[in-house]
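Computed from a predicted structure; not experimentally measured.
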Amino acid sequence: MKCILMNKYTEVLKAEYDSATSAFTKVYEVMNINYAPYILKNIYNQENINDDAFRTNLSEWFKGRGIPSWRDRLDLLLYRLNISAPYELLDKAFGLSLSDQYWLKPDGSNINYDDINFFDNDFDYAEFMEASLSVNSPKIYNENSLKTPNNTTDGMLKKAWVIEGETRYLIKGGYKNETLQPFNEVLASEICKRLGFNYVDYSLYTYKDMVVSKCPCFITKDTELVPCHQIISGRKRHNSSADYENYIKILEENGIENAREKLENMYILDFLILNDDRHLNNFGIIRDVNSLKWLDVAPIFDSGQSLNIEYYDEEEMHISGNGRLFYEVKPFDEIIKLVKNIKRIDITKLDGLVEWFDNLLHQYQNITNYSDARINKLCILLNSQINKLKDIIEKANR
Ligand SMILES: Nc1ncnc2c1ncn2[C@@H]1O[C@H](COP(=O)(O)OP(=O)(O)OP(=O)(O)O)[C@@H](O)[C@H]1O
Ligand SMILES: [Mg+2]
């Protein structure tokens, strides 16, 4: 199919797309490379890049919009959707997403972004939500249920976009039988709220006897999320502290205000909740898709993989003290040293937080079946990190 890669209303390039393999077989013409996904624009502008290499990267980027192969219970989801691979879904709704404004327009068609985007136009989400999150779900037979932004969600966890009123919300479950992620997301939101950080507000939602998290879409039809991975891809790697400094420099050069402080806030949160999953697609910046202006650091999202979730043991307290800093796994006690101005944090804002979390976990105990011992261990961990941060701030003040 001859088609045009669009960024909202702007034509980026004309190419031949093969649905059967979800690959681009030829690029005919590049109209507006600046409006291409950030990673592709950079690749295109590299010296020595030939047409084949660019085409391959274009295919990889587009395929990467689909549900990833590492999605929890992907086999079951595909069975329920009656498809054999996630990329088959990319054809169903022009490859549109709720995290950016790219789409594929069949060449010669007069389809208009305004009539198809999922920000303005409602979609049937109930069946996909059930297929994705529910333990027992029938197969999907309604073809409309496959015309949704759920075709283009990234990430490991089971999830679904839903609509309430005018707002699009992302619903996320836990990983396999683990159910702590939603609680960690809500804890992260509470910490950010108290400390005045810019964050995505997660709340708890009960779906068919499961506790899942729910957060509003932080992208509008004028913006896109550009993940850090895309921003630094292709640049020379150094040690993680240097990569971090370089990233701040790029953000500042592109006009983002207080970039350092905003990134510090994210690592302070990660320290407090021991988030070990701050990989390069779990933070980024927001760009205006009309002007291409870099607007801000993206609000903090995806903080669920925290409080030693992978290392829980009913008998013992296993603590992994490692977080992520760019391409390295590093102790939280090291990462927190990057924060240049820790004195600005008013730690008293976290007074009562542990009791608040303890209360929240107990409230849902009849659904989660967490033992008192587990809840106690989680609270001990949180308390210990708050106290550690208190000490660091006190030392800085001396
Ligand atoms: N509220 C939101 N608004 C817009 N886009 C979002 C929102 N939340 C998440 N996304 C997009 O969806 C992707 C997947 O979401 P998220 O990172 O929360 O899932 P995950 O399964 O926990 O990921 P991971 O594999 O990193 O654990 C994000 O990388 C981001 O691109
Ligand atoms: Mg993620």
Side-chain angles (χ1 to χ4, degrees), residues 5 17-24 37 39 57-104 116-119 123-135 137-163 168-176 178 181-182 185 207 210 212-215 217-219 224-225 227 229-230 277 279-282 284 301-302 304-305:
L5 172 63
Y17 176 68
D18 177 25
S19 300
T21 56
S22 81
F24 289 87
I39 194 166
N57 278 287
L58 174 64
S59 297
E60 266 171 28
W61 166 78
F62 193 67
K63 205 167 190 171
R65 285 175 86 65
I67 297 170
S69 57
W70 55 90
R71 171 72 52 86
D72 184 22
R73 289 178 32 201
L74 179 63
D75 287 352
L76 191 55
L77 178 65
L78 296 179
Y79 170 76
R80 289 171 175 175
L81 301 185
N82 219 2
I83 56 169
S84 53
Y87 66 77
E88 287 177 32
L89 292 172
L90 292 173
D91 278 346
K92 312 264 181 207
F94 309 98
L96 281 160
S97 151
L98 279 172
S99 304
D100 62 37
Q101 313 304 332
Y102 300 103
W103 58 290
L104 280 192
I116 56 167
N117 77 76
F118 291 122
F119 293 87
F123 48 90
D124 290 345
Y125 57 81
E127 279 194 322
F128 187 99
M129 185 180 180
E130 192 174 357
S132 178
L133 292 162
S134 168
V135 181
S137 156
K139 279 187 152 194
I140 284 187
Y141 287 109
N142 177 3
E143 194 46 29
N144 275 340
S145 298
L146 300 182
K147 293 178 183 154
T148 79
N150 290 314
N151 301 348
T152 49
T153 55
D154 193 8
M156 171 179 87
L157 299 182
K158 306 179 275 277
K159 54 175 71 64
W161 283 109
V162 305
I163 305 175
R168 278 67 177 127
Y169 290 94
L170 186 64
I171 305 281
K172 271 203 315 183
Y175 185 68
K176 299 204 185 296
E178 180 54 78
Q181 282 91 351
E185 296 286 14
Y207 178 70
M210 267 179 299
V212 294
S213 70
K214 171 180 161 189
C215 69
C217 182
F218 59 80
I219 294 300
E224 66 174 322
L225 169 67
H229 157 72
Q230 290 207 21
D277 195 32
H279 61 70
L280 303 178
N281 280 325
N282 274 344
F301 67 95
D302 197 4
Q305 195 68 12

- Message: Could you walk me through whether W61 and L5 satisfy the side-chain contact (heavy atoms from CB on, under 4.5 Å) test, starting with their C-alpha distance in whole Å, then the side-chain angles of each, then the deciding distance to 0.1 Å, before giving a yes or no?
- Response: CA-CA 12 Å; W61 166 78; L5 172 63; 3.9 Å; yes
- Go through the steps to decide whether L133 and I171 satisfy the test side-chain contact (heavy atoms from CB on, under 4.5 Å), and finish with yes or no. CA-CA 9 Å; L133 292 162; I171 305 281; 3.7 Å; yes
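Between S132 atom OG and K159 atom NZ the span is 8.0 Å, to the nearest 0.5 Å. Annotation: the span from D91 atom CG to S19 atom OG amounts to 3.5 Å, rounded to 0.5 Å. Here S22 contributes atom OG and L89 contributes atom CG; the two are 11.0 Å apart, rounded to the nearest 0.5 Å. Rounding to the nearest 0.5 Å places CD1 of I163 at 4.0 Å from CZ of R168. Atom CG of N142 and atom NZ of K147 lie 8.5 Å apart (nearest 0.5 Å). One distance of note links CH2 of W161 with NZ of K172; it measures 10.5 Å at 0.5 Å rounding.
P138 places a side-chain heavy atom less than 4.5 Å from the side chain of E130. Residues N117 and W103 have side chains not in contact (no heavy-atom distance under 4.5 Å, counting atoms from C-beta outward). Between L96 and Y102, every side-chain heavy-atom pair lies at or beyond the 4.5 Å cut-off. Looking at heavy atoms from C-beta onward, L157 lies in side-chain contact with Y175 at the 4.5 angstrom threshold. No side-chain heavy atom of L98 sits under 4.5 Å from any side-chain heavy atom of I219. In this structure, the side chains of L170 and K214 stay at 4.5 Å or more apart for every pair of heavy atoms. The shortest distance between side-chain heavy atoms of Q305 and Q181 falls below 4.5 Å.
Among residue pairs with one or both ends in residues 70-99, none qualify as ring pair (Phe, Tyr, Trp, His ring centres under 6.0 Å); sequence neighbours excluded.
Side-chain polar atoms of S145 and D124 form no donor-acceptor pair below 3.5 angstrom. N151 and K92 share no side-chain donor-acceptor pair at under 3.5 Å. A donor-acceptor contact closer than 3.5 angstrom is absent between the side chains of N150 and T153.
Side-chain atoms of Q230 come within 3.5 Å of backbone N or O of I39 as a donor-acceptor pair. Proximity of a side-chain donor or acceptor of D72 to a complementary backbone N or O of K176 within less than 3.5 Å is detected.
Legend: residues meeting side chain to side chain contact (heavy atoms under 4.5 Å, CB included) with P86, ordered by chain and number and at least two apart, are I67, L74, L78. With sequence neighbours left out, R73 forms a side chain to side chain contact (heavy atoms under 4.5 Å, CB included) with L76, R80, K158. Every residue two or more places apart in sequence or in another chain that forms a side chain to side chain contact (heavy atoms under 4.5 Å, CB included) with N282 is listed here: D277, R278, H279, F301, D302. Residues passing the side chain to side chain contact (heavy atoms under 4.5 Å, CB included) test with T152 are R65, L90, S97, sequence neighbours excluded. Residues meeting the ring-ring contact (aromatic ring centres under 6.0 Å, His included) test with Y17, sequence neighbours left out: F24, F62.
The minimum heavy-atom distance linking N281 with P227 is given by the pair OD1-CB, 3.3 Å. Closest approach of A93 and F118 over heavy atoms only: CB-CZ, 3.7 Å. The shortest non-hydrogen separation linking D154 to R71 is O-NH2, 3.1 Å. Here the closest non-hydrogen pair linking P182 and S213 is CB-N, 3.6 Å. Considering all non-hydrogen atoms of both residues, N144 and T148 come closest at O-CG2, 4.1 Å. Closest approach of P68 and G155 over heavy atoms only: CG-O, 3.3 Å.
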